Each structure stands twice: as C-alpha cells, then as structure tokens.
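To start, the structure itself, in structure tokens.
Whatever order the structure lists ligands and atoms in, that order sets their numbers, starting from 1. From a predicted model like this one, the values you see are computed outputs, not experimental measurements.
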Amino acid sequence: MINIDFYKKVTSEAAEKGAIVVAVSKFQPIEKIKTLYELGHRDFGENYAQELVDKKELLPGDIKWHFIGHLQSNKVKLIAPFIHLIHGVDNFNLFKAINKEAVKNNRVIDILLQVYIAEEETKFGLDEKELIDLLEYYFAQKEQLANIRICGLMGMASFTADTHKINGEMKRVKELFNLVKQTYFIFDDYFKICSMGMSDDYPIALDNGSTHLRIGSKIFGARS
Ligand SMILES: *Cc1c(COP(=O)(O)O)cnc(C)c1O
C-alpha cells in the first residue's frame with residue numbers, strides 16, 4: 001500500500017517552496033508505481049539502470065525518469081534514449097560516456113554533479129576541490145561535450161538522527177550550489193537544481209533550498 005496521506009503532505013510542502021518530489025521507486029513493484037501515476041505523479045527515480053529500463057517498458061511513456069544511483073559508464077547506453085535527469089555524476093569519464101550516448105540518440109542529457117558532504121565512507125561524490133577541477137575541465141572541453149547539460153548539484157547527508165549535523169551538511173550543498181552558480185553559470189537558466197532530501201530528512205532539505213526531494217520508503221513503504 002502506498003501512503004497517500006504522506007504523499008499529499010510531502011508534495012504540498014514541496015510545492016509551497018517551489019520544489020518537486022521525485023518518487024524513488026527502486027525495488028518497488030510496478031503496481032505501486034502505477035497507483036502513484038494514476039494520482040498524477042510523473043517524476044520517478046531509480047538507482048539501477050537495468051531495473052529502470054525493465055520498469056519503463058511496462059509503464060506509460062510520459063513518466064519522467066530520474067537516475068539517482070551511482071551510474072557506471074557501461075550502463076549509460078541503457079538509459080540514454082529517454083532519461084530525464086541523471087542526478088549522481090561525479091567524474092569526467094561519465095561526462096564523456098553520457099555525452100557519447102546523448103550524441104547517438106541525438107539529444108541533450110541533463111545531469112547533476114554529486115557533491116560529497118557526509119562523513120560516511122560509502123557515499124560517492126566530489127569534494128569542493130574536485131568539483132571545481134571537474135568544472136574547469138568541463139569548460140575547457142565544452143565543445144566536445146555539447147550534448148550534456150549541467151543543471152545543478154545533488155547531495156546526500158549523513159545517515160544520522162543528528163538533525164544539527166544534517167542541517168550543516170545541507171547548508172554546505174546550498175553554499176556550493178551558490179558558489180558554482182555565481183562562478184560558472186550566472187547567466188545560465190538551466191543551472192537551478194539542488195537535489196537533496198530523502199524520507200527522513202526532507203524537511204531540513206526544504207529549509208535549505210532543495211528543489212528536488214528524492215522520497216522513497218515514506219511514500220511506497222519499505223523496499224522488498
Ligand atoms: C534510495 C534513495 C533515496 C530514497 O530514500 P528513502 O529513504 O527511501 O526516501 C533517495 N536518494 C537516493 C540517492 C537513494 O539511493
């Protein structure tokens with residue numbers, strides 16, 4: 001069963017602040033995704049390329065699919081024909097791989113750069129220096145990367161009950177967002193996405209200017 005009350009609550013809280021909810025449907029059955037679709041929801045997020053493709057084939061074509069996991073270069077071709085936004089890009093090889101597949105599909109693919117803010121070892125992403133280095137590299141080769149479009153940043157806070165800590169980490173994402181916006185994208189209307197906040201920390205994310213909440217378990221229930 002989908003938690004419709006929570007779904008309505010989180011989407012309206014997000015809308016009040018100009019943010020949207022990406023419903024994270026990884027490991028969730030097709031029926032639940034259909035239920036949310038029938039309520040009018042269109043943005044869904046998945047972590048695994050093959051699972052995403054398998055689900056896409058069974059669902060309506062107007063769903064906007066977000067890739068939110070750690071994308072391997074050799075999986076880009078699976079999702080390149082249709083992916084709406086790739087949230088977790090954190091290296092130059094991935095820029096090249098995404099651009100190459102975007103060219104093959106004659107489209108531009110929107111991406112977010114994943115910044116590293118948590119203290120946990122398992123989280124992917126770029127620290128500030130790596131972020132700046134990657135952007136410098138990107139702008140130096142922009143002509144060869146014309147089929148990717150950097151639209152913002154994505155961050156994941158530590159998995160902790162310490163809301164003060166989570167707040168500090170999310171503030172940091174927003175600071176990095178502002179820094180990058182002002183330094184590199186000041187006249188670029190596409191650079192406007194700040195993807196942060198999950199089921200347990202989304203209110204803090206909204207307070208810190210998130211534009212895309214990635215909410216899974218609190219909407220769909222525990223993953224199987
Ligand atoms: C699974 C996942 C989510 C959703 O997590 P919930 O706690 O179920 O809301 C959000 N972002 C990423 C990157 C995820 O992997």
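With a 4.0 Å cut-off on non-hydrogen atoms, Asn47 touches ligand 1 through its side chain and not its backbone. Neither the backbone nor the side chain of His87 has a heavy atom within less than 4.0 Å of ligand 1.
The closest approach between any non-hydrogen atom of Lys218 and ligand 1 is not below 4.0 Å. The shortest heavy-atom distance from Ile215 to ligand 1 is under 4.0 Å.
Here the straight-line distance linking atom CD1 of Ile193 with atom CG of Leu113 works out to 11.5 Å at 0.5 Å rounding.
A side-chain donor-acceptor contact under 3.5 Å links Glu169 to the backbone of Ser158. Remark: side-chain polar atoms of Asp90 are paired, donor with acceptor, to backbone N or O of Gly125 under 3.5 angstrom.
By heavy-atom distance, the residue among Leu213, Ile68, Val22 lying nearest atom 13 (C) of ligand 1 is Ile68.
Aromatic pair Phe185/Phe177: centroids not less than 6.0 angstrom apart.
Looking only at protein heavy atoms, the nearest one to atom 5 (O) of ligand 1 is Met198 CE, 3.4 Å. Looking from atom 9 (O) of ligand 1 to the surrounding protein, the closest heavy atom is Ser199 OG, 2.6 Å. For atom 11 (N) of ligand 1, the closest heavy atom belonging to the protein is Arg214 NE, 2.9 Å. Among protein heavy atoms, the minimum distance from atom 2 (C) of ligand 1 is reached at Lys26 NZ, 2.6 Å.
A single hydrophobic cluster is seen to contain both Met196 and Tyr202, as judged by linkage of ILVMFWY side chains at heavy-atom distances under 4.5 Å, directly or through other members.
At a threshold of 4.5 Å between non-hydrogen side-chain atoms, the residues Leu94 and Ser73 count as touching.
Residue Met156 places no N or O, backbone or side chain, under 3.5 Å from any N or O of ligand 1.
No side-chain donor-acceptor contact under 3.5 Å links Asn178 and Gln182.
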